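As the structure is a computational prediction, the values presented were derived from the model and not from experiment. Atom set for the values below is all heavy atoms of this structure, side chains included, hydrogens, waters and symmetry mates excluded. For the single chain, residues carry numbers from 1 onward in sequence order.
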Amino acid sequence: MNTWSRGKADSWADAMSYALVQQYGRWTVGWRWAHDEGDFDGGPLGHWCCPRDSITTPEETLTRVEAALREWREWLEYLAGWFEAYPLDLADIEDQRILWERAARNLILQVVDRTGCGSGWHGHCRQVLTWFLDRWGVAPDVARSLVDEAIGGRFHSWIGPDTVVVDDVAEQLALSL
């Protein structure tokens, strides 16, 4: 089972990922980002775990792929709605700092809720905050650096952050802009 999982099953899942990107675009790449210790640690998806646990019969497996892809798309659209709820302008950062802080806080809490704070959840949290900053004009490499600095290693697997830490990370991120 282990040899099959690491060989044929992983290859099949990688080939499916490639086919989905070719058919629908780059947004599909996250369809395997499962909760906890799945294919890619700490993601927001419950319909796919990993090839070993998710590949069964052809019909059942394709149904899982479709469900995971839909779940991923719904999550991306949900996040986009949150991003648009905080239309921020870097040119007017001083007057909008409280909005940046609120946005960061709310996005952290959305990721906490969606991932359940399992293994590696903080990686997806960093990704979402980086996407948010990028959406509003912060260069991706700068955004990653600012997010990493604000979090500062205070988020951990299997542990949800307390309110004080969430508030401090959000404040640090807003102040760093």
Side-chain angles (χ1 to χ4, degrees), residues 1-2 4-7 9-14 16-17 20-21 26-56 60-83 85-86 101-135 140 143-173:
M1 185 70 161
N2 232 2
W4 174 83
S5 173
R6 291 195 182 145
D10 283 350
S11 294
W12 184 90
D14 291 343
M16 177 57 75
S17 293
L20 290 170
V21 169
R26 285 187 45 195
W27 70 267
T28 63
V29 170
W31 76 273
R32 293 166 59 190
W33 204 345
H35 296 295
D36 305 330
E37 296 173 340
D39 262 355
F40 303 101
D41 224 10
L45 304 181
H47 283 93
W48 183 267
C49 173
C50 56
R52 187 192 70 198
D53 295 335
S54 299
I55 294 176
T56 58
E60 205 173 74
T61 301
L62 291 177
T63 298
R64 283 188 179 135
V65 170
E66 178 186 1
L69 188 62
R70 287 179 185 274
E71 187 179 14
W72 178 244
R73 178 63 181 229
E74 288 168 7
W75 176 239
L76 293 177
E77 290 175 359
Y78 180 78
L79 287 175
W82 275 96
F83 293 0
Y86 295 95
E101 186 176 331
R102 277 197 193 134
R105 182 181 188 282
N106 286 334
L107 288 169
I108 293 166
L109 294 176
Q110 294 305 309
V111 173
V112 162
D113 185 57
R114 185 63 179 238
T115 63
C117 295
S119 177
W121 73 273
H122 43 85
H124 188 53
C125 188
R126 280 194 306 275
Q127 181 68 57
V128 167
L129 292 172
T130 300
W131 284 342
F132 175 70
L133 295 179
D134 181 41
R135 164 63 183 95
R144 272 189 299 278
S145 177
L146 294 175
V147 168
D148 286 344
E149 187 176 316
I151 293 173
R154 295 182 285 173
F155 293 164
H156 304 285
S157 294
W158 306 110
I159 300 170
D162 63 32
T163 305
V164 173
V165 172
V166 171
D167 290 345
D168 189 54
V169 168
E171 180 181 19
Q172 292 304 313
L173 188 58

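For Y86, the ring-ring contact (aromatic ring centres under 6.0 Å, His included) test picks out no residue, with sequence neighbours left out. Not a single ring-ring contact (aromatic ring centres under 6.0 Å, His included) links F40 to another residue, sequence neighbours left out. Contacts of E60 classified as side-chain hydrogen bond (donor to acceptor under 3.5 Å, both in side chains), with partners at least two apart in sequence or in another chain: T56. Residues satisfying the salt bridge (charged side-chain N to carboxylate O under 4.0 Å, His left out) criterion with R102, sequence neighbours excluded, are absent altogether.
Rounded to the nearest 0.5 angstrom, R144 CZ and E149 CD are separated by 15.0 Å. Q127 CD to D134 CG: the interatomic distance, rounded to the nearest 0.5 Å, is 9.5 Å. Atom CZ of residue R126 and atom CG of residue L146 lie 14.0 Å apart, to the nearest 0.5 angstrom.
Comment: R73 engages E77 in a salt bridge, judged by a side-chain N to carboxylate O separation of less than 4.0 angstrom. A salt bridge between E74 and R70 is absent, with no side-chain N of the basic residue lying under 4.0 Å from a carboxylate O of the acidic one.
A donor-acceptor pair under 3.5 Å is formed between the side chain of R154 and the backbone N or O of I151.
Residues A170 and I108 come closest through the heavy atom pair N-CD1, 4.5 Å. Taking all atoms of both residues into account, the shortest heavy-atom contact from G30 to L45 is O-CD1, 3.2 Å. Between W33 and G43, the closest heavy-atom pair is CD1-CA, 3.1 Å. What you find for A104 and L173 is that their closest heavy atoms are CB-CD2, 4.0 Å. For G120 against S157, the heavy-atom pair with the smallest separation is N-OG, 2.8 Å.
Between W27 and the options L20, V21, L69, a side chain to side chain contact (heavy atoms under 4.5 Å, CB included) holds for only L69.
Between W75 and H124, the two ring planes are tilted [angle within 30° to 60°].
Side-chain contact between V112 and V166: absent, with no pair of heavy atoms (C-beta onward) separated by less than 4.5 Å. Using a 4.5 Å cut-off on side-chain heavy atoms (C-beta onward), F155 and V165 make contact. A 4.5 Å side-chain heavy-atom check between D148 and T130 finds every atom pair outside the cut-off. In this structure the side chain of L62 reaches within 4.5 angstrom of the side chain of M16, judged on heavy atoms. Looking only at side-chain heavy atoms (C-beta outward), S11 and P51 stay at 4.5 Å or farther from each other.
Residue pairs meeting the side-chain hydrogen bond (donor to acceptor under 3.5 Å, both in side chains) criterion with at least one member in residues 107-116, sequence neighbours excluded: Y78-Q110. Evaluation of the side-chain hydrogen bond (donor to acceptor under 3.5 Å, both in side chains) test over residues 40-51, restricted to residues two or more places apart or in two chains, returns D39-W48, D41-S119, H47-E71.
Between W131 and F83, the distance from one ring center to the other does not fall under 6.0 angstrom.
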As a quick check of understanding, evaluate side chain to side chain contact (heavy atoms under 4.5 Å, CB included) for T61 and W12, giving each step before the final call. CA-CA 11 Å; T61 301; W12 184 90; 3.6 Å; yes
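Donor-acceptor pairing under 3.5 Å is lacking for the side chains of T28 and W72.
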